[in-house]
Amino acid sequence: MKKCRITVMRKAFYQELSEEYENPLEHACDMEEGQVFIAEGWKKPEGMCDSAWESMSAFVMTLAYGGEDIYEGWMKNKKSAMISCNDGFRPVSFLIEALDEEV
């Protein structure tokens, strides 16, 4: 099984939706663009939020076990995927890339 690099590519915040629909939060997403995580199998990387990991873990495992071209030609690098977390107020986009390094 290969390790996977997960890079935070973009963050967004839809303030108008948050103000209208969301209860105030003490702690929201604190990931930063450019931040990198290394995934080793099903273990969630330290510092990654649960919601983001749930959105991408199946893609990470597919790439870690040698799967490629998940989007059938969409990605230039067949050993990668672009995934967004499922937070409708603060979506974060992640680039997942299989590394040559074994776990």
Side-chain angles (χ1 to χ4, degrees):
M1 173 174 50
K2 307 276 187 194
K3 290 184 179 181
C4 288
R5 177 177 43 236
I6 303 166
T7 306
V8 177
M9 302 302 289
R10 292 278 189 270
K11 283 180 65 170
F13 176 54
Y14 301 117
Q15 186 166 348
E16 67 283 356
L17 293 175
S18 177
E19 288 172 357
E20 186 170 347
Y21 298 107
E22 186 177 39
N23 287 322
L25 296 175
E26 288 184 32
H27 178 74
C29 179
D30 57 1
M31 292 188 192
E32 297 297 327
E33 288 184 16
Q35 188 174 6
V36 175
F37 300 90
I38 300 297
E40 298 181 1
W42 279 105
K43 183 179 175 187
K44 179 183 76 163
E46 187 174 328
M48 179 169 286
C49 75
D50 292 335
S51 178
W53 182 245
E54 289 173 14
S55 299
M56 74 175 76
S57 61
F59 294 89
V60 170
M61 290 306 295
T62 298
L63 292 168
Y65 278 99
E68 50 183 62
D69 204 16
I70 294 172
Y71 299 121
E72 299 177 352
W74 187 0
M75 297 293 291
K76 291 179 180 181
N77 174 359
K78 291 182 179 190
K79 296 180 181 180
S80 69
M82 183 67 75
I83 304 297
S84 294
C85 74
N86 59 11
D87 183 336
F89 301 112
R90 289 169 204 81
V92 179
S93 295
F94 300 91
L95 176 63
I96 305 167
E97 302 167 285
L99 302 174
D100 290 332
E101 187 178 345
E102 296 285 331
V103 172

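When reading the values below, keep in mind they use all heavy atoms of this one structure, side chains included, and skip hydrogens, waters and symmetry mates. Fair warning: this is a prediction, and the values are worked out from it, not measured in the lab. Residue numbers run from 1 in the order of the sequence given.
- Looking at Lys2 and Glu102, a side-chain N of the basic residue comes within less than 4.0 Å of a carboxylate O on the acidic one, giving a salt bridge.
- The existence of a salt bridge linking Lys11 and Glu33 is excluded, since no basic side-chain nitrogen approaches an acidic carboxylate oxygen closer than 4.0 Å.
- Glu19 contributes atom CD, which lies 11.0 Å from atom CZ of Phe89 (distance to the nearest 0.5 angstrom).
- Counting only heavy atoms from C-beta outward, the side chains of Ile6 and Phe59 never approach each other to under 4.5 Å.
- Under the 4.5 Å side-chain criterion, counting only non-hydrogen atoms from C-beta, Ile38 is in contact with Arg5.
- What you find for Ser55 and Asn86 is that their closest heavy atoms are OG-N, 3.2 Å.
- The backbone N or O of Pro91 lies less than 3.5 Å from no partner atom in the side chain of Ser84, so there is not a single donor-acceptor pair.
- The one candidate from Met82, Met9, Met31 that meets the side-chain contact (heavy atoms from CB on, under 4.5 Å) condition with Phe94 is Met31.
- Here Ile96 contributes atom CD1 and Leu63 contributes atom CG; the two are 6.5 Å apart, rounded to the nearest 0.5 Å.
- The shortest non-hydrogen separation linking Ala64 to Cys4 is N-SG, 3.9 Å.
- For Gln15, the CD atom counts as loosely surrounded, since its 6.0 Å shell holds 12 or fewer non-hydrogen atoms of other residues, nucleotides or ligands.
- Of the inter-residue distances, the one linking Lys79 atom NZ with Glu68 atom CD reads 5.5 Å to the nearest 0.5 angstrom.
- Summarising the geometry, atom CG belonging to Leu25 is positioned 5.0 Å from atom CZ belonging to Arg90; distances are rounded to the nearest 0.5 Å.
- The 12-atom threshold is not exceeded at OH of Tyr21, counting heavy atoms of other residues, nucleotides or ligands nearer than 6.0 Å.
- Thr62 contributes a side-chain N or O that, together with a main-chain N or O of Ala58, makes up a donor-acceptor pair within less than 3.5 Å.
- Hydrophobic clustering (ILVMFWY, side-chain heavy atoms < 4.5 Å, transitive): Leu99 and Val103 are in distinct clusters.
- Between atom OG1 of residue Thr7 and atom CZ of residue Phe37 there is a gap of 9.5 Å, rounded to the nearest 0.5 Å.
- Remark: Met56 CE to Cys85 SG distance equals 7.5 Å, nearest 0.5 Å.
- Note on Trp53 and Val36: separate hydrophobic clusters, where clusters join Ile, Leu, Val, Met, Phe, Trp and Tyr whose side-chain heavy atoms are under 4.5 Å apart, directly or indirectly.
- Around atom OH of Tyr65, no more than 12 heavy atoms belonging to other residues, nucleotides or ligands sit under 6.0 Å away.
- A pairwise comparison of heavy atoms in Met48 and Lys44 identifies O-NZ, 3.2 Å as the closest pair.
- No side-chain heavy atom of Val92 sits less than 4.5 Å from a side-chain heavy atom of Asp87.
- Ile70 has its side chain out of reach of Met75: every pair of non-hydrogen atoms, C-beta onward, lies at least 4.5 Å apart.
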